[in-house]
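Have a look at the structure below before the remarks.
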Amino acid sequence: MFEINSEFIFRSVFTFIWLEFSWEMYLSYRQHQVYKKNHKPPQELEEHFNNETFQKARLYGLDKSGYGIAHGLFNQIFSTVLILLNGHAYFWNLSRSALLALSLPADSEIVRSMVFTVILSTFSTLVDMPFTVYYTFWLEERHGFNKQTPGFFIKDTIKKYIIGMLISLPLVAAVIFIVQSGGDYFFLYLWIFVTLVIVLLMTVYPDYIAPLFDKYSPLQEGELKSQIEKLAASIDFPLKKLYVVEGSKRSSHSNAYFYGFFKNKRIVLFDTLIEGYVKEESATTEGTSKAPKKGCNNPEILAVLGHELGHWKLNHVTKNIVISELNILFMFTVFNMLFQYQPLYEAFGFHDSQPIFIGLYIVTSYIFSPYNAILSFLTTLLSRHFEFEADQFAKKLGHAVNLKSSLIKLNLDNLGFPIYDWLYSSWHHSHPTLLQRLSALEKSE
């Protein structure tokens with residue numbers, strides 16, 4: 001009779017992660033070739049992309065693509081070695097040794113899991129740090145996007161690490177406690193707990209955590225603020241506050257978003273989104289005396305916000321939350337069925353124990369890998385559908401022309417390459433490409 005033993009689990013997990021990696025590398029190669037072979041902007045964008053800007057976008061895309069391939073290859077080799085050498089079991093044993101050395105309760109699964117989390121997170125952060133530094137201070141710097149100083153980067157990294165630990169360690173302790181004391185229906189209690197934590201973080205993060213990293217200031221009184229308030233009122237969006245975040249200290253990339261529950265909504269604009277808000281550099285590349293003006297004018301910002309508020313009006317956020325909650329419940333249900341299955345732990349080097357946190361990690365990260373890949377693709381398709389709908393919503397508000405010009409401007413400002421391999425884009429892009437969005441807006445006119 002066929003038995004799902006530890007060897008079968010190990011071989012299955014190992015095979016799939018390499019199949020998935022090969023698929024990702026194939027897609028990345030296809031897109032890399034697109035960057036290499038296309039030296040002229042598409043006909044639809046010739047009036048917006050001069051040759052210099054198009055080449056900058058192409059080279060930026062090439063650099064990011066090359067970096068992504070190298071980083072992906074390193075992560076795959078690192079993960080493979082970690083699995084082959086039973087790295088998770090090693091770090092689990094190391095956490096016990098650390099507790100014994102500190103004269104702390106090494107037999108407490110909760111305490112040991114918290115120490116394991118600190119050790120593994122620290123190790124992963126240090127291993128990945130050279131890639132982070134390279135991406136920030138070479139790749140982004142080379143293409144004019146990085147605005148961080150080394151001092152800012154170091155302080156930012158330390159703050160992220162400390163805050164991440166302050167949030168994750170109590171959650172690890174709570175999850176283990178619920179599994180230990182929740183009985184046969186612990187997965188339901190765990191789902192309720194995680195849901196409450198998500199709601200709490202969505203409420204607390206924008207007001208108390210995000211300001212620790214970036215400066216948020218109320219949008220000053222003036223025409224733009226009045227126009228945004230009028231736009232919000234026209235669709236019954238319960239706008240309470242308008243902020244501008246000083247993203248220019250970190251990067252010259254731009255964005256806008258809203259957050260908040262029920263009647264307490266806020267809108268945040270990146271300072272890099274607002275034309276003239278950030279002082280322009282006086283010189284750029286050789287042969288030019290002035291940097292092109294970046295950001296969007298007021299009508300274009302209203303068009304961007306019309307799109308963003310379309311997500312709210314069309315209940316896209318609510319639909320995504322429902323999908324996420326159902327997915328979490330499904331994963332916890334399967335975990336409930338598998339977390340006491342000893343071969344699951346033996347496949348990763350745990351022959352004498354069944355640590356709850358390790359079991360949750362194995363199930364969600366490895367056993368669910370095929371499911372996660374399919375779900376990610378389906379949610380990507382759904383996200384693209386939502387983006388088209390939000391564009392059409394902005395158009396119905398009368399912002400079609402300005403939305404098109406803002407999409408082009410933002411693409412230029414962020415050196416977005418306008419040409420993509422169809423298969424790569426279908427698998428990876430949660431947003432339609434620039435050409436697809438412009439074409440959809442024009443067809444509906």
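Heads up: numbering here begins at 1 and tracks the sequence.
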Would you kindly say whether [X] and [Y] are connected by a side-chain donor-acceptor distance under 3.5 Å?
X: Arg30; Y: Gln33; value: no
X: Thr122; Y: Tyr161; value: yes
X: Glu387; Y: His307; value: yes
X: Thr195; Y: Glu325; value: yes
X: His428; Y: Glu24; value: yes
X: Asp128; Y: His71; value: yes

Is the backbone of [Y] close enough, under 3.5 Å, to the side chain of [X] for a donor and an acceptor to pair up by distance?
X: Arg437; Y: Pro432; answer: no
X: Ser95; Y: Trp92; answer: yes
X: Asn414; Y: Leu410; answer: yes
X: Glu300; Y: Asn297; answer: yes
X: Asp63; Y: Leu139; answer: no
X: Ser425; Y: Asp421; answer: no
X: Ser406; Y: Leu403; answer: yes
X: Ser405; Y: Asn402; answer: yes
X: Thr379; Y: Leu375; answer: yes
X: Gln76; Y: Ile17; answer: yes

task: Step by step, work out the side chain to side chain contact (heavy atoms under 4.5 Å, CB included) result for Trp23 and Leu19.
output: CA-CA 6 Å; Trp23 170 247; Leu19 285 174; over 6 Å; no
[Y] side chain reached by [X] side chain, heavy atoms, under 4.5 Å:
X: Phe388; Y: Gln436; value: yes
X: Val268; Y: Val244; value: no
X: Val363; Y: Met331; value: no
X: Ile209; Y: Ile163; value: yes
X: Val245; Y: Lys215; value: no
X: Thr333; Y: Trp191; value: no
X: Trp427; Y: Leu423; value: no
X: Val115; Y: Leu94; value: no

In Å and rounded to the nearest 0.5 Å, what is the [atom1] to [atom2] distance from [X] to [Y]?
X: Ile419; Y: Leu435; atom1: CD1; atom2: CG; result: 7.5 Å
X: Leu269; Y: Leu219; atom1: CG; atom2: CG; result: 6.0 Å
X: Ile274; Y: Asn298; atom1: CD1; atom2: CG; result: 8.5 Å
X: Gln55; Y: Arg58; atom1: CD; atom2: CZ; result: 4.5 Å
X: Lys56; Y: Asn50; atom1: NZ; atom2: CG; result: 8.5 Å
X: Leu302; Y: Leu309; atom1: CG; atom2: CG; result: 10.0 Å

Could you tell me whether [X] and [Y] make a salt bridge, using a distance below 4.0 angstrom between a side-chain N and a carboxylate O?
X: Asp413; Y: Lys409; answer: no
X: Glu140; Y: Lys147; answer: no
X: Lys294; Y: Glu275; answer: no

task: Might you work through the side chain to side chain contact (heavy atoms under 4.5 Å, CB included) test for Leu314 and Phe386, ending with a clear yes or no?
output: CA-CA 9 Å; Leu314 299 170; Phe386 285 167; over 6 Å; no
So for atom [atom1], which belongs to [X], do other residues, nucleotides or ligands contribute more than 12 heavy atoms lying within a distance under 6.0 Å?
X: Lys319; atom1: NZ; answer: yes
X: Phe193; atom1: CZ; answer: yes
X: Tyr90; atom1: OH; answer: no
X: Tyr257; atom1: OH; answer: yes

Which heavy atom in [X] sits nearest to a heavy atom in [Y], and how many Å separate them?
X: Gly306; Y: Phe393; result: O-CD2, 3.5 Å
X: Ala256; Y: Leu273; result: CB-CD2, 3.7 Å
X: Gln392; Y: Ala440; result: NE2-O, 3.7 Å
X: Leu99; Y: Arg112; result: CD1-CA, 3.7 Å

message: ring pair (Phe, Tyr, Trp, His ring centres under 6.0 Å) for Phe78 and Phe123? Distances and angles first, verdict last.
response: CA-CA 12 Å; Phe78 175 75; Phe123 180 69; 5.7 Å; yes
query: Name the one of Phe131, Trp138, Phe137 that satisfies ring pair (Phe, Tyr, Trp, His ring centres under 6.0 Å) with Tyr134?
result: Trp138
Please verify the inter-ring angle class for [X] with [Y]; under 30° counts as parallel, over 60° as perpendicular, anything in between as tilted.
X: Phe21; Y: Trp18; value: perpendicular
X: Phe258; Y: Phe237; value: perpendicular
X: Tyr135; Y: Tyr67; value: tilted
X: Tyr60; Y: His143; value: tilted

message: Would His429 and Tyr420 count as a ring pair (Phe, Tyr, Trp, His ring centres under 6.0 Å) here? Give the steps.
response: CA-CA 10 Å; His429 288 167; Tyr420 287 95; 4.5 Å; yes
task: Name all pairs fulfilling the side chain to side chain donor-acceptor pair (under 3.5 Å) condition that reach into residues 361-378, sequence neighbours left out, sorted by first residue then second.
output: Asn327-Tyr371
field: side chain to side chain contact (heavy atoms under 4.5 Å, CB included) between Thr53 and His48, worked out
entry: CA-CA 9 Å; Thr53 303; His48 305 289; over 6 Å; no
- request: May I ask you to check whether Phe330 and Phe368 place their ring centers less than 6.0 Å from one another?
  value: yes
query: Looking at the rings of Tyr259 and Tyr205, which for Trp means the six-membered one, are their centres under 6.0 Å apart?
result: no
query: Given Phe177 and Ile110, is the side chain to side chain contact (heavy atoms under 4.5 Å, CB included) satisfied, shown in steps?
result: CA-CA 7 Å; Phe177 174 78; Ile110 290 178; 4.2 Å; yes
Return a table of donor-acceptor pairs under 3.5 angstrom between the side chains of residues 37-47 and protein atoms on other chains or two or more places apart.
| residue | atom | partner | partner atom | Å |
| --- | --- | --- | --- | --- |
| Asn38 | ND2 | Val34 | O | 2.8 |
| His39 | NE2 | Lys36 | O | 2.9 |

